[in-house]
Amino acid sequence: MLNLRNIRFVLWMLVGLAVGSLAILVWQIAATEPQRAGTIEPGRPMAEGANWSLLDEAGRPFTPADLRGRPTLLVFGFTHCPDVCPTSLSYVANALQALGPQAEDVRSVFLTVDPERDTAQVMSEYTALFDERILGVTGKPEEVTTALKSLGAFARKAPLDGGGYNVDHTASMLLLDAQGRLRSTLDVHEPAEVAAEKVRRLLSTS
Amino acid sequence: MRLFLSALAVSIIMITSVAHAAEVTAGDLVIEQAWARATTLSAKTGATYLAVRNTGSQPDRILFIETPVAGNAVAHQTRQEGDVSRMSETGPLSISPGGTLEMKPGAMHIMLMELSGGLKVGQQFPLTITFEKAGKVEVPVKIGKPGAMGSE
Ligand SMILES: [Cu+2]
């Protein structure tokens, strides 16, 4: 009798524990949800219906129309980012190198998530470090915010202890087709030749 | 013959000093492969990477990092959460006995802030690390390409 009661007690304890951990799990998932603003959905139109107006590193307008006509390699970042962004941009530079003459058929864009510090001049000098064919794009902060949102990218300023700030941002490199639709992403952990092959496949179908 | 021998000795010393150029020893610690990425002339930030090997039986800790090329040098950690990349201070870094503290792109780095004049490829600059036990050590940092992924 006592034994059965003990077993029942233990069982109810286990049920309570299971419900409790499930609640914590659900709460954790819910808590991380807003940070996943930059989710990448393949096929997503990036140019269609978009309304933003930016400036390239030479001070020329850069609008959603500039995401059409040929495939685009799109990288988000900022010039005060010394660790992740140079890795991404040198990866793009290596992919362009691997593409050979076909590199001329693709547009490479480095869009800043930090327009306050990244003027056209700063962007121009920075992209030239990696490959002259990478086009730096910046603009008015409100316009950059609109463009990032429209492109599904995440960016948020994070203050640093020693003063100044970092910008947490979407690190995925996007590959858009000639209609400005998202086709795939590039991964720096893959050889640059894999990125070149993704671009070639897109060039052969568009 | 004597001349030949001394020439040989000199060249052996030179070879070993070249081979060990990237390695600095301080007490039980060996600091190796210190390198940085080149930046633009006007850049305010840069990244330095190195490895600290602890050959002793006591843990040690990094207290300060300084360099004349930057106003501020702090250890940072880059984290990838989903497709978002974040960066923050690491806090105090300790090296366990027999362990190695390894920095590399996309992970831990020494963030240089308030650079004056940028970092030029092919050049070198001194970085002074103060360890709790091993004390102050000056490490030469080689500047590689802007997109370098390791010391060349
Ligand atoms: Cu950093």
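All values below come from the heavy atoms of this structure, side chains included, with hydrogens, waters and symmetry mates left out. Letters go in sequence order (proteins before strands), and every chain restarts at 1.
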Interatomic spacing from CG in A:N166 to OG in B:S85 - rounded to 0.5 Å: 7.5 Å
If you look at every heavy atom in B:A38 and A:L129, which pair is closest and at what distance? O-CD1, 4.5 Å
Check whether A:C85 gets within reach of chain B through its side chain, its backbone, both or neither, counting any heavy atom under 4.5 Å. neither
Approximate separation, where rounding is to 0.5 Å, of A:H169 NE2 and B:M87 CE: 9.5 Å
With only heavy atoms counted, which part of A:T79 is less than 4.5 Å from chain B, the side chain, the backbone, both or neither? backbone
Of all heavy-atom pairs linking A:S172 and B:D83, the shortest is OG-CB, 2.9 Å
Under the 3.5 angstrom rule, does the side chain of B:R37 hit a backbone N or O of A:P86 as a donor-acceptor pair? no
Using heavy-atom distances under 4.5 Å, tell me whether A:L160 contacts chain B through its side chain, its backbone, both, or neither. both
Heavy-atom donor-acceptor pair, A:D83 side chain to B:G106 backbone, under 3.5 Å: yes
List the atom of B:G46, the atom of A:P82, and the distance in Å for their closest heavy-atom pair. C-CB, 3.5 Å
With respect to chain A, which residue among B:M149, B:H109, B:R79 yields the maximal number of heavy-atom pairs within a distance under 4.5 Å? B:H109
For A:H80 and B:M111, the nearest pair of non-hydrogen atoms, with its separation, is O-CE, 3.9 Å
